[in-house]
Amino acid sequence: MHDDHEEVDVLLLVWSTPLFAFNGVRESLCCAQSCRKLREACQEPLLWREHAFLLHYIQPVDEQQYVAAQAADVINCLGWQLFVRLNAASRKGVLVRLAGHDLRLPLYSFQDPLLRVKALYFLLRKIFAKLPGSWPFRLRWLQWGGRPGHLVERQTAASVLSGSRLFIEFADDTLQGWKLPPHIFHAGIHFNLEDMRSSLWRPIAPQLAQGYLLRVVSSMLPSERWLHLSAEADLWNLIEEVCILLRHQTHLAASSRPLHFRLADMQAVSVVDPDTRTDGHPLLWDLAWAQCETIYVEVEKNTSSGGDGEILLVDLKREGEPGRCASPCATPPVPMERRDGAGSSGEVEVATSSDERIVPHLPPLLIPGTQKCRQFEFHPEQPDVLLIGDKDGCAKILVQGPEETLSGPATQVDSCALLALSWLRRADVAVCGAACSGTIQFLRYFPDSRSSGPALANAGSAKEKFPKLSSLSVNCSDNFLLASGISSSISIFDIETGNLFCRGSGVHEHFINISRFSNTSPHVFATASFDHSCKIWDLRRPLRNPVKTLQTEGHNVMCTFSPDDRFFLASGVDTRMTQFEVATWESRSMPLRKAIHQGRYRRSAYLANSKFIVTGSTEESHVHLLSVTGRKLGCVDFEQRLEALAAPRRSHQDLIRGTVVLDDREPLDRSASPSRAYVQSIRAHPVIPNRVGVLMALPEGDSHIAMLHLDQKEMKP
């Protein structure tokens, strides 16, 4: 490549510009000739690398990176041309975390799930053919916060489906072991990049494929270490493993002084002697232990330095601090914008009738087969899959194709409406809750099921019911399920067993409509109540003591954390919306008119990029788009668009733009406006930042899901 990078910059600009952007054929041919000459002047892989990023086949990630099991420079050895061509030829794929990037790999539709996994290994070997030397590697599940989870092995290969998120683990420096448990070189499925004939497919013991992975961080260790504990492990088993680690890999190996360990948990402080086994130690399950937690290990600084008979006290501290969110925002607070005319609360007074900017969007698409929908949820990994709960107590799956929407027979869960829905994040399992009976049912999703058969099957149920259920939420590590409803109490269930983990009675003075776990901390969750407050809780603390109580000056209909957990939003009656910055709990009201209607209930959701909020209210036929900094971007109005909703989508449609007059101060008379649709519920797509699902109540009395695609240019902060 030339030292002068100007030619390369011009080439990359031309590469990312479609030919129809030029004036005519002659100009396009001149461009192609320039491309050929420029390609000769630089390295061709640079073009393919740029193309891979433009097509989002590889994307940088903002999550904390756990590089103990990955080589930082391995991404530079990727065969970019082959990588792009393989992805361009495949519609289905998985995401693989590697050195701070998510790589998309094609997923082939073999009936044998083990062959699907084996094909992934062969693809990785092909695209990393330039990696020098012999580098054994194996695949793990990607856990919350970018952490490596359990191995992908024979028993879990069937769960590797389109949209799954995996993690590449490379062997240690000796190339004869692994930095993550199980450390035995021949454990599990792994491949050698140099010679595929040396691939090993040996099964691992069931106890190594289950249980807890634990990350240990200490100033006494040169780098992070990972431990494995069984699912039945207790506090003494944890202390024993940490003691062995310190005795073998730190300066304490040269000391004969006995070690005593103190776990500074959020509920109690326990001092344990690892050399003396006693009964009565709590199970890790009893301590609300989550998968892939981090524990900090340090010797107490005030320990005296006497003879060998003196005791060294070692402090074990779990991730997160009491009284704060377990994963506080590391970035500086985002400044909130004040608009002209805003009062001390940040509310903006608008005229009775005024022109509102329309957020550019495609005509909303009414999803067929959703006429009885009561609630819905997007799949967390498969972008075109929807879970539907209807008014008759049935659950079904909808798959949106480029030209049609596919759905199979529904699965009967209960006889009353399914109001509470949630997905597990790393397994194709959904959970549904019936509003009246309080039945909580787990359903397994089968993506390869035929259209003639149901795609959902019973996978167990919670051992207790929650009467008048209105909300279910799964934590980010798939360990706990949070249930709330028309009650001042909450229940938390263990997902693996369905048993009740704990119950919080009377945690609010009025009923709790919605409760939600945070997205990056497995123990932190929030409750929104009609007692004019939202409360932040931590499972490691008694449920009688909230971490934080947030006053909102009105009834709270729902609450939610932003996908990056930097913000917390409470939505109330009519236009009441209050956003809190998690790092400081500073509050800010959003720029909507003053609340005047007591019978309208607001729904709100953060878009996938955590930069914007979409919000709508019952008895209104429009939604607003706001930025997290307090700026109103405009609205999308569904009034008089029922024909456009029902019409099939053409291959190319112009964006809807312009302005609209919203007169939403007066109560709406449905008899006077028989053709209007009204917002019932809102869900933002978890992956695609410009896609929003809106459950609409139609004039005929049915409910339908309208899929809204906003202009991608609006998604830029």
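Values below: every heavy atom of this structure, side chains too, minus hydrogens, waters and symmetry copies.
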Between Met558 and Arg603, does the side-chain contact (heavy atoms from CB on, under 4.5 Å) criterion hold? Intermediate values first, please.
CA-CA 7 Å; Met558 66 171 297; Arg603 276 77 165 137; 4.0 Å; yes
- Describe, in one word, how the ring planes of Phe568 and Trp585 are oriented to each other, choosing from parallel (under 30°), tilted (30 to 60°) and perpendicular (over 60°). perpendicular
Applying ring pair (Phe, Tyr, Trp, His ring centres under 6.0 Å) to Tyr601 and not counting sequence neighbours gives none
Margin query: Heavy-atom count check: over 12 atoms from other residues, nucleotides or ligands less than 6.0 Å from Gln551 CD?
Written below: yes
* When you measure from the side chain of Glu377 to the backbone N and O of His379, does any donor-acceptor pair fall under 3.5 Å? -> no
Report task. State plainly whether the residues Glu714 and Arg657 are in salt-bridge range, i.e. N to O under 4.0 Å. Result -> no
Worksheet entry | Derivation and outcome, side-chain contact (heavy atoms from CB on, under 4.5 Å), residues Asp355 and Val660 | CA-CA 5 Å; Asp355 288 346; Val660 64; over 6 Å; no
### Query
Without hydrogens or angle criteria, can the side chains of Thr527 and His508 be said to hold a donor-acceptor pair below 3.5 Å?
yes
Go through it in stages, so that I can follow the logic: the residues are Asn556 and Ser529, the test is side chain to side chain donor-acceptor pair (under 3.5 Å), and I'd like the CA-CA distance, side-chain angles, deciding distance and then a yes or no. CA-CA 5 Å; Asn556 296 294; Ser529 171; over 6 Å; no
Can you find a pair of side-chain heavy atoms, one from Leu398 and one from Ile367, that are under 4.5 Å apart?
yes
Do Val628 and Phe612 come within less than 4.5 Å of each other through their side chains, counting heavy atoms only?
no
| task | Inspect the contact between Arg691 and Asp384 and indicate whether a charged nitrogen and a carboxylate oxygen are less than 4.0 angstrom apart. | result | yes
Contacts of Lys468 meeting side chain to side chain donor-acceptor pair (under 3.5 Å) (sequence neighbours excluded), chain-then-number -> none
Contacts of Arg503 meeting side chain to side chain donor-acceptor pair (under 3.5 Å) (sequence neighbours excluded), chain-then-number -> Glu464
Checklist entry - Less than 4.0 Å between a side-chain N and a carboxylate O, is that true for Arg540 and Asp538? => result yes
>> Whether the side chain of Lys535 engages the backbone of Val507 through a donor-acceptor N/O pair (distance < 3.5 Å, no angle test) should be reported.
In response: yes
Practice item. Using a strict cut-off of less than 4.0 Å between a Lys/Arg side-chain nitrogen and an Asp/Glu carboxylate oxygen, indicate whether Asp392 and Arg374 qualify as a salt bridge. Key: no
When every non-hydrogen atom of Ile440 is compared with those of Ala483, the smallest separation belongs to CD1-CB, 4.2 Å
Q. Under a 4.5 Å cut-off applied to non-hydrogen side-chain atoms, are Ile492 and Phe525 in contact?
A. yes
Report the C-alpha separation of Ser505 and Arg544 in whole Å, then their side-chain angles, then the decisive distance to 0.1 Å, and conclude whether the side chain to side chain donor-acceptor pair (under 3.5 Å) test is met. CA-CA 8 Å; Ser505 299; Arg544 60 181 178 272; over 6 Å; no
Rounded to the nearest 0.5 angstrom, the CG-CG distance for Leu366 and Leu698 is 6.5 Å
Worksheet item: Short question: side chain of Asp494, backbone of Gly498 - any donor-acceptor pair under 3.5 Å?
Response: no
CD1 (Ile705) and CG (Leu695) are apart, to the nearest 0.5 Å, by 6.0 Å
Around atom CD of Gln59, are there more than 12 heavy atoms from other residues, nucleotides or ligands closer than 6.0 Å? yes
Checklist entry - Between the side chain of Asp711 and the main-chain N/O of Pro360, is any donor-acceptor distance below 3.5 Å? => result no
Taken in chain and number order and not counting sequence neighbours, the residues that satisfy side chain to side chain donor-acceptor pair (under 3.5 Å) with Thr615 are Arg602, Ser604
Q) Going by heavy atoms in the side chains, are Gln375 and Ser681 under 4.5 Å from each other? A) yes
Output for pair (Arg516 CZ, Ser473 OG), nearest 0.5 Å, gives 5.5 Å
Tell me, do Leu421 and Val431 make a side-chain contact under 4.5 Å, heavy atoms counted? no
Practice prompt. Go through the steps for Thr520 and Phe561 under the test side-chain contact (heavy atoms from CB on, under 4.5 Å), then give the verdict.
Written response: CA-CA 10 Å; Thr520 60; Phe561 288 91; over 6 Å; no
| said: I'd like to know if Lys632 pairs up with Glu356 as an ion pair, taking the criterion as any Lys NZ or Arg NE/NH1/NH2 lying under 4.0 Å from an Asp or Glu carboxylate oxygen. | reply: yes
query: Can you find a pair of side-chain heavy atoms, one from Ile688 and one from Phe378, that are under 4.5 Å apart?
result: no
- prompt: Do the side chain of Thr411 and the main chain of Leu456 share a donor and acceptor less than 3.5 angstrom apart?
  reply: yes
Short side-chain donor-acceptor distance under 3.5 Å, Ser477 and Arg425 = no
All heavy atoms of Leu472 vs all of Gly433, minimum pair found to be CD1-N, 3.6 Å
Practice item. For residues Ser627 and Leu633, determine if any side-chain heavy atom of one lies less than 4.5 Å from a side-chain heavy atom of the other. Key: yes
**Prompt:** Is there a donor-acceptor contact under 3.5 Å from the side chain of Arg541 to the main chain of Val547?
**Reply:** no
Across all chains, not counting sequence neighbours, the ring pair (Phe, Tyr, Trp, His ring centres under 6.0 Å) partners of Phe480 are Phe501
### Message
Suppose we call two aromatic rings close when their centres sit under 6.0 Å apart. Are His361 and His709 close by that rule?
### Response
no
Notebook entry, point to check: Are the side chain of Ser518 and the backbone N or O of Ser521 linked by a donor-acceptor pair below 3.5 Å?
Noted result: yes
Review point. Are the side chains of Leu418 and Val413 in touch, meaning some heavy atoms are under 4.5 Å apart?
Key: yes
For Ala434 and Ser437 the tightest heavy-atom approach is CB-OG, 3.5 Å
Discussion item. Between Leu592 and His624, is the side-chain contact (heavy atoms from CB on, under 4.5 Å) condition met? List the steps.
Written reply: CA-CA 9 Å; Leu592 299 176; His624 283 98; 4.0 Å; yes
Between the main-chain N or O of Gly599 and the side-chain N or O of His597, is there a donor-acceptor pair closer than 3.5 Å?
no
Rounded to the nearest 0.5 angstrom, the CD1-CG distance for Ile613 and Leu625 is 9.0 Å
Strictly distance-based, threshold 3.5 Å: is any side-chain N or O of Ser610 a donor or acceptor partner for the main-chain N or O of Asp564?
yes
Does a donor on one side chain sit under 3.5 Å from an acceptor on the other, for Ser703 and Gln371? no
Rounding to 0.5 Å, atoms CZ (Phe511) and OG (Ser487) come to a distance of 10.5 Å
*asked:* Counting neighbours of NZ on Lys372 that are heavy atoms of other residues, nucleotides or ligands and sit closer than 6.0 Å, is the number greater than 12?
replied: no
Shortest non-hydrogen pair, Ala684 vs Tyr606, comes out as CB-O, 3.2 Å
Check your understanding: If only atom types and distance count, is the side chain of Asp574 paired as donor or acceptor with the main-chain N or O of Ile596 below 3.5 Å?
Key -> yes
Asn519 and Cys476 have their tightest heavy-atom pair at O-CB, 3.4 Å
Value for CD (Gln400) from CG (Leu386), rounded to nearest 0.5 Å, stands at 5.5 Å
Scanning both residues in full, the closest heavy-atom pair of Lys594 with Thr575 reads C-OG1, 3.4 Å
Applying side chain to side chain donor-acceptor pair (under 3.5 Å) to Thr618 and not counting sequence neighbours gives none
